[in-house]
S.K.: 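One structure, as structure tokens, below. Some questions next.
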Amino acid sequence: MSLLIRSSYVSHFTLFQPKNSKSSSSSFTNQISFVSSFNHKPFVNLVYKKNPIMQSVSSPSSSMTVKSSLIDPDGGELVELVVPESEIGAKKSESETMPKVKLTKIDLEWVHVISEGWASPLKGFMREDEYLQSLHFNSLRLKDGTFVNMSLPIVLAIDDETKEQIGLSQNVALVSPQGDIIGSLRSVEIYKHNKEERIARTWGTTSPGLPYVEEYIAPSGNWLIGGDLEVFNPIKYNDGLDHYRLSPKQLRKEFDKRQADAVFAFQLRNPVHNGHALLMNDTRKRLLEMGYKNPILLLHPLGGFTKADDVPLDVRMEQHSKVLEDGVLDPETTIVSIFPSPMHYAGPTEVQWHAKARINAGANFYIVGRDPAGMGHPTEKRDLYDPDHGKKVLSMAPGLEKLNILPFRVAAYDTIEKKMAFFDPSRAKEFLFISGTKMRTYARTGENPPDGFMCPSGWNVLVKYYESLQESEESSKQQAVASA
């Protein structure tokens with residue numbers, strides 16, 4: 001057993017080696033050095049309060065049975081909002097008589113997120129008090145006085161006509177983009193949608209060109225409707241990828257089935273290159289050195305809305321499968337699953353949401369890198385966010401204390417060793433940084449990246465995608481000329 005003291009008034013922590021510890025002093029020193037390199041909440045929940053809090057921490061190698069799912073979901077209970085099968089008929093019949101709210105594709109993605117419990121303890125689209133707390137405090141206060149992180153408003157917009165049709169009705173039916181009633185909102189509340197305030201506080205700018213804003217917020221209605229969500233069936237997309245869309249409940253069961261004693265989540269919206277793999281494999285190695293017996297990687301690509309120049313989900317999933325087939329990542333210790341959330345590109349604000357959702361899925365470690373959830377400034381030639389702020393914000397964010405944040409070391413292409421390696425500042429000129437944009441440019445132009453950058457079969461997936469894209473563009477041009 002180890003003890004940790006943490007106070008908001010001190011900038012360091014102290015670990016006490018147990019007197020009866022069986023581990024050697026060198027082993028314990030290695031533990032300290034690894035903990036320090038990650039620099040955030042190893043093994044324990046750090047509570048930021050005036051007075052130092054002493055917490056007891058069980059070693060992962062103790063006789064106690066450790067299950068990854070024992071990291072509690074926010075609010076203590078995983079929210080599941082799918083109507084029991086025995087009630088579906090009656091609920092559907094009732095919904096036919098309700099005023100209707102037509103959902104966009106992104107609205108449906110949020111219904112998916114809420115209904116499976118990714119946003120626990122949220123039980124529906126936000127009412128005004130929840131919206132204001134999320135927008136201004138990045139958190140929600142629960143009835144018992146505790147806080148959970150909730151950095152992004154999860155809201156449903158409606159227009160003036162829909163608001164008028166709803167009138168004084170307490171419940172509304174939700175209609176999918178295909179025209180099917182897929183659920184309902186109950187005990188609804190309608191309130192003003194101040195788009196400028198929402199955009200400014202979420203992104204820190206109202207500059208034109210923010211992808212999520214232009215796709216979703218700008219054309220949306222002037223009102224928001226909140227209420228308790230019910231869905232009649234689990235959300236499916238019938239795109240050949242639904243078997244990858246494991247809910248938080250399903251993931252927790254899978255972690256327990258594999259007897260994971262640590263789960264480290266890695267989110268990405270780009271194809272996996274060997275630098276990513278180096279970081280993930282190195283993280284597992286270090287967790288093993290710390291005493292964990294079976295750390296499991298949750299490779300968790302974002303599957304909702306992404307901007308137009310990002311690689312589509314189906315192509316990314318095919319590329320990820322090649323990475324596992326080629327043994328770049330170990331299929332025995334890796335779970336690949338789709339995270340259904342839409343992407344905001346809102347930097348430090350959004351990365352809190354990404355981390356919080358993984359708590360609800362049962363992950364107790366979260367890997368964060370440079371400029372998470374960031375993008376280039378839409379009107380200026382610079383990053384929209386400081387690339388170091390995401391990991392710094394995660395280390396301080398209210399409501400994320402029980403999640404261990406793992407800031408990873410910078411990986412780049414070593415031109416001497418001809419492989420991806422951790423960046424060595426003393427040999428800076430011998431390293432090549434290949435951004436996601438540069439990677440996509442290579443594939444689009446047919447130029448091969450340096451040997452060792454990505455597994456060949458994974459790279460071929462990208463090349464074929466961009467070749468098909470160019471063929472489609474050429475065909476469209478020819479049709480346009482022919483019809484002119």
Side-chain angles (χ1 to χ4, degrees), residues 11-12 26-42 262 264-290 292 295 297 299 323 326-330 333-334 347-348 351 365-376 382-383 385-395 404-443 447-456 458-459 462:
S11 59
H12 67 279
S26 62
S27 171
F28 186 70
T29 302
N30 289 338
Q31 271 195 347
I32 293 178
S33 107
F34 175 52
V35 165
S36 300
S37 70
F38 282 156
N39 196 31
H40 182 47
K41 300 180 289 198
F264 55 109
F266 187 83
Q267 169 172 300
L268 68 169
R269 66 175 195 273
N270 281 312
V272 174
H273 57 63
N274 289 349
H276 294 138
L278 174 66
L279 296 165
M280 290 182 269
N281 288 328
D282 184 69
T283 298
R284 187 171 195 276
K285 175 185 173 185
R286 289 175 175 242
L287 288 170
L288 289 168
E289 289 172 353
M290 292 173 71
Y292 287 96
L297 165 64
L299 183 61
V323 170
D326 286 2
V328 178
L329 294 173
D330 184 358
T333 59
T334 303
V351 75
F365 289 86
Y366 185 78
I367 304 175
V368 60
R370 181 187 181 278
D371 198 22
M375 59 173 281
R382 62 179 178 85
D383 289 336
Y385 306 105
D386 185 302
D388 291 325
H389 280 184
K391 60 187 177 185
K392 290 180 179 178
V393 166
L394 280 186
S395 71
N404 299 286
I405 304 302
L406 309 179
F408 60 61
R409 297 155 63 190
V410 177
Y413 185 76
D414 187 329
T415 59
I416 303 300
E417 298 293 330
K418 306 295 184 186
K419 65 178 184 179
M420 297 299 288
F422 290 120
F423 178 67
D424 181 353
S426 68
R427 300 170 45 227
K429 293 182 179 180
E430 296 172 352
F431 283 85
L432 177 65
F433 287 89
I434 302 174
S435 66
T437 301
K438 181 66 173 176
M439 177 180 64
R440 292 190 292 268
T441 301
Y442 278 144
E447 182 181 357
N448 286 325
D451 289 341
F453 172 72
M454 184 183 291
C455 67
W459 181 252
L462 299 185

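For clarity, every value in this text was computed on a predicted model and none was experimentally measured.
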S.K.: Quick one, Ile367 and Leu279 - any side-chain contact, counting heavy atoms below 4.5 Å?
M.R.: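 No, their side chains stay 4.5 Å or more apart.
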S.K.: Please report the interatomic distance CZ(Phe408) to CG(Asp282), rounded to the nearest 0.5 Å.
M.R.: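 Rounded to the nearest 0.5 Å, the CZ-CG separation comes to 11.5 Å.
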S.K.: Can you name the closest pair of heavy atoms from Arg284 and Phe264 and give their distance?
M.R.: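 Heavy-atom minimum between the residues: CB-CZ, 3.6 Å.
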S.K.: Excluding sequence neighbours, so at least two apart, what forms side-chain contact (heavy atoms from CB on, under 4.5 Å) with Ser435?
M.R.: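 Partners of Ser435 under the side-chain contact (heavy atoms from CB on, under 4.5 Å) test: Thr437, Lys438.
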S.K.: Are the side chain of Asn281 and the backbone of Ala277 linked by a donor-acceptor contact shorter than 3.5 Å?
M.R.: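 Confirmed, Asn281 side chain pairs with Ala277 backbone.
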S.K.: Quick one, Val368 and Ile405 - any side-chain contact, counting heavy atoms below 4.5 Å?
M.R.: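 Yes. Closest side-chain heavy atoms under 4.5 Å.
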S.K.: What is the minimum heavy-atom distance between Asn274 and Gly452, and which atoms define it?
M.R.: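 What the structure gives for the nearest pair is ND2-O, 2.8 Å.
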S.K.: Atom CG in Leu299, atom CD in Gln267: separation rounded to 0.5 Å?
M.R.: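 Leu299 CG to Gln267 CD: 10.5 Å, rounded to 0.5 Å.
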S.K.: Go through it in stages, so that I can follow the logic: the residues are Tyr366 and Leu394, the test is side-chain contact (heavy atoms from CB on, under 4.5 Å), and I'd like the CA-CA distance, side-chain angles, deciding distance and then a yes or no.
M.R.: CA-CA 10 Å; Tyr366 185 78; Leu394 280 186; 4.0 Å; yes
S.K.: Return the minimal non-hydrogen interatomic distance between Pro348 and Gly390, and the atom names on each side.
M.R.: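 Nearest heavy atoms, Pro348 then Gly390: CG-N, 4.0 Å.
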S.K.: Are Leu268 and Phe266 close enough that some pair of their side-chain heavy atoms sits under 4.5 Å apart?
M.R.: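 A side-chain contact under 4.5 Å exists here.
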S.K.: Under a 3.5 Å distance rule, please check whether Asn270 uses its side chain to pair with a backbone N or O of Arg440 as donor and acceptor.
M.R.: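 No, because the side chain of Asn270 does not come within donor-acceptor range (under 3.5 Å) of the backbone of Arg440.
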S.K.: Kindly indicate whether the side chain of Leu297, heavy atoms from C-beta on, has any atom under 4.5 Å from the side chain of Thr333.
M.R.: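 They are not in contact (no side-chain heavy atoms under 4.5 Å apart), so the answer is no.
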S.K.: Can you run down the salt bridge (Lys or Arg N to Asp or Glu O under 4.0 Å) pairs that involve residues 419-435, sequence neighbours left out, and say none if there aren't any?
M.R.: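 Of all non-adjacent pairs touching residues 419-435, those that pass salt bridge (Lys or Arg N to Asp or Glu O under 4.0 Å) are Asp414-Arg427, Arg427-Glu430.
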S.K.: Please round to the nearest 0.5 Å and tell me the distance separating atom OG1 of Thr441 and atom CD of Glu447.
M.R.: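 Answer for the OG1-CD pair, Thr441 versus Glu447, is 9.5 Å.
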S.K.: Which pairs with one or both residues in residues 385-394 pass side-chain hydrogen bond (donor to acceptor under 3.5 Å, both in side chains), sequence neighbours excluded?
M.R.: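 Output for this query is empty, none listed.
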S.K.: Check whether any side-chain heavy atom of Tyr442 sits under 4.5 Å from a side-chain heavy atom of Trp459, and report yes or no.
M.R.: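 Tyr442 reaches Trp459 side chain to side chain.
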S.K.: State the NE2-CE distance between His273 and Met420, to the nearest 0.5 angstrom.
M.R.: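 If we round to the nearest 0.5 Å, His273:NE2 and Met420:CE are 5.0 Å apart.
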S.K.: Quick one: list whatever passes side-chain contact (heavy atoms from CB on, under 4.5 Å) with Leu432, sequence neighbours left out.
M.R.: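 Here the qualifying residues are Tyr413, Thr415, Ile434, Pro450.
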S.K.: So, taking the atom named NE2 in His276 and the one named CG in Leu278, what distance separates them when rounded to the nearest 0.5 Å?
M.R.: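 Output value for this atom pair is 11.0 Å.
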S.K.: Please list, chain by chain and in numerical order, all residues satisfying ring pair (Phe, Tyr, Trp, His ring centres under 6.0 Å) with Phe423, sequence neighbours excluded.
M.R.: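 Only Phe431, Phe433 meet the ring pair (Phe, Tyr, Trp, His ring centres under 6.0 Å) criterion with Phe423.
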S.K.: For Leu287 and Phe365, run side-chain contact (heavy atoms from CB on, under 4.5 Å): C-alpha distance rounded to whole Å, both residues' side-chain angles, the deciding distance at 0.1 Å, then the answer.
M.R.: CA-CA 10 Å; Leu287 288 170; Phe365 289 86; 3.8 Å; yes
S.K.: Please name all residues satisfying side-chain contact (heavy atoms from CB on, under 4.5 Å) with Asp383, sequence neighbours left out, ordered by chain then number.
M.R.: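 side-chain contact (heavy atoms from CB on, under 4.5 Å) check on Asp383 returns Arg370, Asp371, Pro387.
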S.K.: Which heavy-atom pair separates Met439 from Pro271 by the least distance, and what is that distance?
M.R.: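 Residues Met439 and Pro271, closest heavy atoms: CE-CD, 3.5 Å.
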